**Q** 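Submitted below is the structure of interest, expressed as structure tokens.
Given the structure is predicted, the values throughout are model-derived calculations rather than measurements.
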Amino acid sequence: MADVKVQTMDHGPLIVKGNVELTDADGNVFETRQQFALCRCGLSQKKPFCDGGHKDQFEDCARAKKVL
């Protein structure tokens with residue numbers, strides 16, 4: 001199993017679990033924890049992190065292809 005897990009949440013953020021270094025376009029490091037949520041909807045006031053601004057305004061339910 002991977003050291004890092006990224007999970008898409010229905011109508012919500014990407015949940016990132018594990019030892020991850022998150023950087024901006026200039027290489028500056030964001031302070032993170034072992035688990036954090038990244039905004040997918042663009043409505044957060046705390047981007048790149050989710051602040052719940054998507055509630056009742058974001059309708060994505062991404063699914064991966066099932067492999068047999």
**Q** Show your reasoning for whether side chain to side chain contact (heavy atoms under 4.5 Å, CB included) applies to Gln34 and Lys17.
**A** CA-CA 6 Å; Gln34 283 294 106; Lys17 297 178 183 179; over 6 Å; no
**Q** Shortest non-hydrogen contact from Arg40 to His11?
**A**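 Shortest heavy-atom separation between Arg40 and His11 comes out as NH2-N, 4.3 Å.
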**Q** Under a 4.5 Å side-chain heavy-atom rule over Ile, Leu, Val, Met, Phe, Trp and Tyr, are Val20 and Ile15 clustered together?
**A**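 No; tracing contacts between hydrophobic side chains, which count when under 4.5 Å, never links both residues.
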**Q** Do you know the tightest heavy-atom contact between Pro13 and His54?
**A**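 Heavy-atom minimum between the residues: CD-CE1, 4.0 Å.
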**Q** Sequence neighbours excluded, which residues qualify as salt bridge (charged side-chain N to carboxylate O under 4.0 Å, His left out) partners of Asp51?
**A**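 Checked Asp51 against salt bridge (charged side-chain N to carboxylate O under 4.0 Å, His left out); zero matches.
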**Q** Can you confirm whether or not the ring centre of Phe49 sits under 6.0 Å from the ring centre of Phe30?
**A**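 Judged by ring-centre distance (under 6.0 Å), Phe49 and Phe30 do meet the cut-off.
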**Q** Report, as yes or no, whether the 6.0 Å neighbourhood of atom NZ on Lys47 holds more than 12 heavy atoms from other residues, nucleotides or ligands.
**A**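 Count over threshold, so yes.
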**Q** Counting only heavy atoms not in Gln57 (residues, nucleotides, ligands), do more than 12 fall under 6.0 Å from its CD?
**A**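 Above 12, so yes.
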**Q** Between atom CG of Asn19 and atom CD of Glu21, what is the distance when rounded to the nearest 0.5 Å?
**A**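 With rounding to 0.5 Å, CG (Asn19) is 9.0 Å from CD (Glu21).
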**Q** Mind running side chain to side chain contact (heavy atoms under 4.5 Å, CB included) on Leu38 and Val16 for me, showing each step along the way?
**A** CA-CA 7 Å; Leu38 293 175; Val16 181; 3.9 Å; yes
**Q** Could you tell me which non-hydrogen atom of Cys39 sits nearest to which non-hydrogen atom of Cys41, and how far apart they are?
**A**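 Heavy atoms of Cys39 and Cys41 come nearest at SG-N, 3.5 Å.
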**Q** Let me have the donor-acceptor pairs involving side chains of residues 61-68, under 3.5 Å, with sequence neighbours excluded, atom names and distances please.
**A**
{"residue": "Arg63", "atom": "NH1", "partner": "Asp10", "partner atom": "OD1", "Å": "2.7"}
{"residue": "Arg63", "atom": "NH2", "partner": "Asp10", "partner atom": "OD1", "Å": "3.4"}
{"residue": "Arg63", "atom": "NH2", "partner": "Asp10", "partner atom": "OD2", "Å": "3.0"}

